[in-house]
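Hydrogens, waters and symmetry mates play no part in the numbers below; they use all other heavy atoms, side chains included.
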Amino acid sequence: MGTSIELKVSGVSLAYAKNNMGHDFGYLFQSQDLARRPCDGIDYDYYAAHPEEEGELAESELSFVRPLSRVVPRLQILGHSLATAKSEYEALAAESASISEMDGERAENLTFEEFCALANQFPLTSLAQGYVEYETDDHDIVSQGRFADHAERFARVPWTENSDSYWSEASYLSAKVCILSAASMLLIFAQDPRNAEAEVMWQFGNIVSAGYVERKAFVAGADRGQTILVATEGASDARILRRALELLRPDVADFFRFIDGDERHNFWGTGNLVRFAEGLVRIDIQNQVLFLLDNDAEGIDAYRKLKELKMPANLRSMVLPDVEELRSFPALGPEGLSNSDINGRAAAIECYLDLNLPDYPPAQVIWSNFKRDIGLWHGALEHKESYDRHFMKQDTTTLTSGKYDLSKLNQVLEALVAEASLLSAAAS
């Protein structure tokens with residue numbers, strides 16, 4: 001008979017394979033999501049009688065399990081969205097309508113919005129999963145449960161080959177509604193806040209125990225092709241952003257890789273970064289690379305040069321975001337100290353850290369040189385290494401307790417994740 005493997009969300013099947021791994025869904029999870037869950041294919045009576053086989057039972061129950069709300073950011077950073085789900089649905093609906101017309105019928109499929117509403121008619125965790133025997137009187141009506149009252153709307157869902165195979169509320173929803181990719185269906189179900197804690201589960205232990213797939217094939221986390229290499233101007237940028245992602249965006253931190261460098265022998269700087277990009281364009285590199293520049297005059301100048309390269313879809317550039325807190329910032333120049341908007345002129349990564357340092361005077365930038373090509377003065381934050389060191393010394397509790405001002409750094413991460421999502425979508 002063989003052994004199957006499925007990706008499910010609260011018992012609703014999204015993808016299925018038999019005697020093989022099927023699609024690799026490891027990217028939806030992280031290593032800490034490894035857990036044990038009961039499995040329909042396990043003979044629990046046998047293991048109850050043979051407690052010495054507990055190790056084998058544990059392996060058979062191995063699964064990756066993660067709440068739906070924490071799967072969504074991982075999908076989004078790969079470029080999946082409700083917009084892509086809508087495109088997928090409308091393409092399927094058009095194909096279904098075309099087939100119906102060839103058969104002399106006229107299909108009146110649900111709109112995408114109606115389809116989403118139908119999918120989220122009831123919370124996923126409330127769906128009955130118990131098996132209704134096919135010999136049961138009125139099997140179809142009984143197994144459909146509450147969905148039987150919505151037959152007219154289900155009839156307007158584009159038909160698929162699985163539409164007549166169901167035995168419970170959960171399997172009925174899977175057969176009738178889960179007609180799109182797993183990624184699209186997860187995003188559709190995530191629209192309903194009642195599904196936030198629904199378990200997304202990829203249970204692989206049983207197929208490993210059966211000998212069809214090796215355990216080493218099941219690895220959680222972004223694979224190398226899904227990760228984004230972030231090239232920054234200096235080692236401090238990479239160090240700060242790596243730690244910020246681990247602390248503030250842990251659900252997607254594994255999608256980012258940084259070029260490591262020794263700060264004492266720093267290779268980078270805007271000029272080298274532009275030349276690095278030129279080299280990657282020439283060799284037609286296939287990796288996804290995001291060039292991240294400081295929001296200062298040199299960064300703006302380098303960003304302009306990168307845009308002129310007309311980089312391919314897998315290469316993208318960005319500048320640290322403008323933030324309100326930097327629109328009136330102490331700046332020292334030939335005419336003394338005055339408040340200036342340092343966005344686009346002097347905002348290096350350190351400016352987005354908490355600048356209230358004990359035993360230090362108020363933060364200020366110093367104007368240094370004029371960039372004629374873009375008509376802007378360039379400046380630098382005084383004592384910027386001190387702000388860097390102060391950030392790196394803070395423990396997790398301090399950084400997440402509200403004692404450290406993370407408002408500007410959070411805006412950086414929001415911009416970084418948004419650019420990464422655009423890059424993934426364009427490169428896919």
Side-chain angles (χ1 to χ4, degrees), residues 1-68 71 124-136 139-140 142-145 160-179 181-183 185-186 189 195 197-221:
M1 293 179 62
T3 304
S4 63
I5 180 172
E6 294 179 82
L7 177 74
K8 294 182 177 181
V9 54
S10 197
V12 176
S13 181
L14 304 176
Y16 171 93
K18 189 171 184 179
N19 298 344
N20 65 86
M21 182 180 187
H23 190 78
D24 186 353
F25 290 108
Y27 69 92
L28 296 176
F29 308 93
Q30 292 176 306
S31 58
Q32 62 267 30
D33 296 326
L34 186 64
R36 289 177 61 176
R37 289 293 185 274
C39 178
D40 292 340
I42 295 176
D43 183 353
Y44 283 97
D45 290 337
Y46 170 82
Y47 286 108
H50 297 83
E52 70 277 7
E53 301 291 347
E54 168 62 23
E56 182 179 291
L57 173 61
E59 182 180 84
S60 297
E61 290 184 335
L62 284 179
S63 313
F64 288 125
V65 182
R66 191 179 187 90
L68 178 56
V71 169
L124 294 174
T125 54
S126 75
L127 301 182
Q129 300 184 36
Y131 189 86
V132 177
E133 296 290 344
Y134 278 97
E135 295 78 14
T136 303
H139 168 271
D140 287 353
V142 174
S143 56
Q144 289 172 20
T160 69
E161 60 184 8
N162 297 322
S163 294
D164 294 324
S165 178
Y166 53 86
W167 52 88
S168 65
E169 282 185 338
S171 66
Y172 182 74
L173 190 68
S174 175
K176 292 291 186 178
V177 171
C178 296
I179 58 177
S181 65
M185 291 310 309
L186 287 169
F189 287 131
N195 293 331
E197 295 305 311
E199 281 192 348
V200 179
M201 180 175 70
W202 192 34
Q203 190 163 52
F204 60 86
N206 206 28
I207 203 168
V208 170
S209 296
Y212 289 105
V213 188
E214 294 185 19
R215 171 65 180 88
K216 64 182 181 182
F218 296 94
V219 180

*Is a salt bridge present between E199 and R37, judged by a nitrogen-to-oxygen distance below 4.0 Å?*
yes

Under 3.5 Å, is there a donor-acceptor pair between the side chain of [X] and the main chain of [Y]?
X	Y	value
N20	K18	yes
N195	L124	yes
T136	V132	no

_Once rounded to the nearest 0.5 Å, what's the spacing between atom OG of S63 and atom CZ of R36?_
10.0 Å

*Supply the atom-to-atom distance I207 CD1 to L62 CG, rounded to the nearest 0.5 angstrom.*
13.5 Å

*Any donor-acceptor N or O pair under 3.5 Å, side chains S171, S174*: no

*Side-chain donor-acceptor pair under 3.5 Å between Y47 and E54, yes or no?*
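Distance-only check fails for Y47 and E54.
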
_Name of the residue among F29, F64, F25, Y212 meeting ring pair (Phe, Tyr, Trp, His ring centres under 6.0 Å) with F204_ = F64

*Do W167 and Y172 have ring centres separated by under 6.0 Å?*
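No, the ring centres sit 6.0 Å or more apart.
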
*May I ask you to check whether over 12 heavy atoms, not counting those of E214, lie within 6.0 Å of atom CD?*
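At most 12 heavy atoms, drawn from other residues, nucleotides or ligands, come within 6.0 Å of this atom.
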
*Taking all atoms of both residues into account, what is the closest heavy-atom pair of S165 and A175, and its distance?*
O-CB, 3.4 Å

